[in-house]
**Student:** 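Handing you this structure, nothing more for now.
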Amino acid sequence: MLIALTLVAGWPLLRTFFLSFTDASLSDLGAANLIGFENYLVYDNGRWFGVLADPVWWQSVWNTVYFSVVSVSLEVVFGVIVALILNAEFKGRVIVRAAVLIPWAIPTIVSAQMWAWMLNDQFGIINHLLMVVGIIDNPIAWTASATYSMWAVIMVDVWKTIPFVALLVLAALQMLPKDCYEAAEVDGIHPVRVFFKVTLPLITPALMVAVIFRLLDALRVFDVIYVLTSNSTSTMSMSVYARQQLVEFQDVGYGSAASTLLFLIIALATVAYLYIGRKQIQLGGD
């Protein structure tokens with residue numbers, strides 16, 4: 001297993017680190033020369049150059065962080081609500097549970113393209129419905145507008161990944177002890193208070209797992225943003241930025257530097273979240 005992980009993960013990662021210190025080009029990787037930290041940051045003729053001096057890179061960092069925080073927060077809130085509904089007893093619950101998983105089962109590229117058609121300002125059904133009910137007077141270019149494009153991307157991502165969070169929370173809900181709820185019902189405690197005082201603390205470990213997985217996905221998001229908005233700077237993520245440097249500009253060294261920074265940001269965010277989450281669980285236990 002360790003050998004397999006080294007081959008499929010460790011070697012590409014190390015090679016990316018190495019290429020980030022070179023002037024490698026996609027047209028001729030064999031002619032790469034070591035240039036040190038110039039792809040990251042260099043001062044030359046009174047100006048700073050490199051990824052860390054590129055305002056587009058910092059815009060992509062902000063876009064990624066904003067997208068991650070908002071989308072993951074909404075997914076957790078709605079995921080918990082959906083899980084609570086699915087955990088209740090009602091007729092046809094099995095069918096509803098299966099239907100809820102459909103957005104998660106659809107490949108991201110397919111769902112993003114589907115929403116791109118629905119959000120189109122010329123023939124999209126979203127604009128048509130909003131105009132029929134009188135909410136808007138003219139079609140809105142949801143994925144082309146700097147004002148609405150980020151929220152359109154977030155909406156699509158939330159729609160797709162709510163089932164994932166709901167599934168993890170539902171599994172945690174079904175493992176909760178029944179005696180706590182029976183005692184609360186006998187004491188006449190309000191259900192809302194029971195949720196915040198009993199249910200939420202007990203499902204916190206499952207929520208942490210859901211958040212860490214979704215945070216990792218959100219920080220390296222590429223497909224949904226690229227399909228909906230391509231290389232637009234208003235929604236460009238760090239992954240889209242790295243892909244643009246690597247493929248379109250064919251600058252492997254510069255693109256590898258951006259990819260390395262992306263890896264470091266995700267690693268730091270993961271470690272920080274796990275540390276804070278563990279401290280909160282310890283404080284809750286005390």
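Bear in mind the structure is a predicted one, so any value in this text is a computation, not a measurement.
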**Student:** Within a reach of under 6.0 Å around CG of L5, are more than 12 heavy atoms found that belong to other residues, nucleotides or ligands?
**Tutor:** yes
**Student:** Sort out for me which residue in L216, L219, D157, I154 forms a side chain to side chain contact (heavy atoms under 4.5 Å, CB included) with S68.
**Tutor:** L219
**Student:** When hydrophobic residues are tied together by side-chain contacts of less than 4.5 Å, even through go-betweens, does F78 share a cluster with L167?
**Tutor:** no
**Student:** From L14 CG over to L19 CG, what is the distance, rounded to the nearest 0.5 angstrom?
**Tutor:** 11.0 Å
**Student:** How far apart are the closest heavy atoms of N87 and R97, and which atoms are they?
**Tutor:** CA-NH2, 4.3 Å
**Student:** Apply side chain to side chain contact (heavy atoms under 4.5 Å, CB included) to the pair S256 and N39, showing each step before the final yes or no.
**Tutor:** CA-CA 9 Å; S256 297; N39 287 321; over 6 Å; no
**Student:** Look at D217 together with R220 and state whether they make a salt bridge at an N to O cut-off of under 4.0 Å.
**Tutor:** yes
**Student:** Do T161 and E75 have side-chain N/O donor and acceptor atoms under 3.5 Å apart?
**Tutor:** yes
**Student:** Please verify the inter-ring angle class for W159 with W115; under 30° counts as parallel, over 60° as perpendicular, anything in between as tilted.
**Tutor:** perpendicular
**Student:** For a quick check under 3.5 Å, do S232 and S234 share a side-chain donor-acceptor pair by atom type?
**Tutor:** yes
**Student:** Look at the aromatic rings of F21 and Y40 and report parallel, tilted or perpendicular, splitting at 30° and 60°.
**Tutor:** tilted
**Student:** Any idea how W62 and Y66 line up, ring-wise: parallel (<30°), tilted (30 to 60°), or perpendicular (>60°)?
**Tutor:** tilted
**Student:** Using the side chain to side chain contact (heavy atoms under 4.5 Å, CB included) rule, take M236 and I225 through it: C-alpha gap first, then chi angles, then the decisive distance, then the call.
**Tutor:** CA-CA 7 Å; M236 179 180 289; I225 289 181; 6.0 Å; no
**Student:** Can you spot which of V96, I81, V94 makes a side chain to side chain contact (heavy atoms under 4.5 Å, CB included) with L86?
**Tutor:** V96
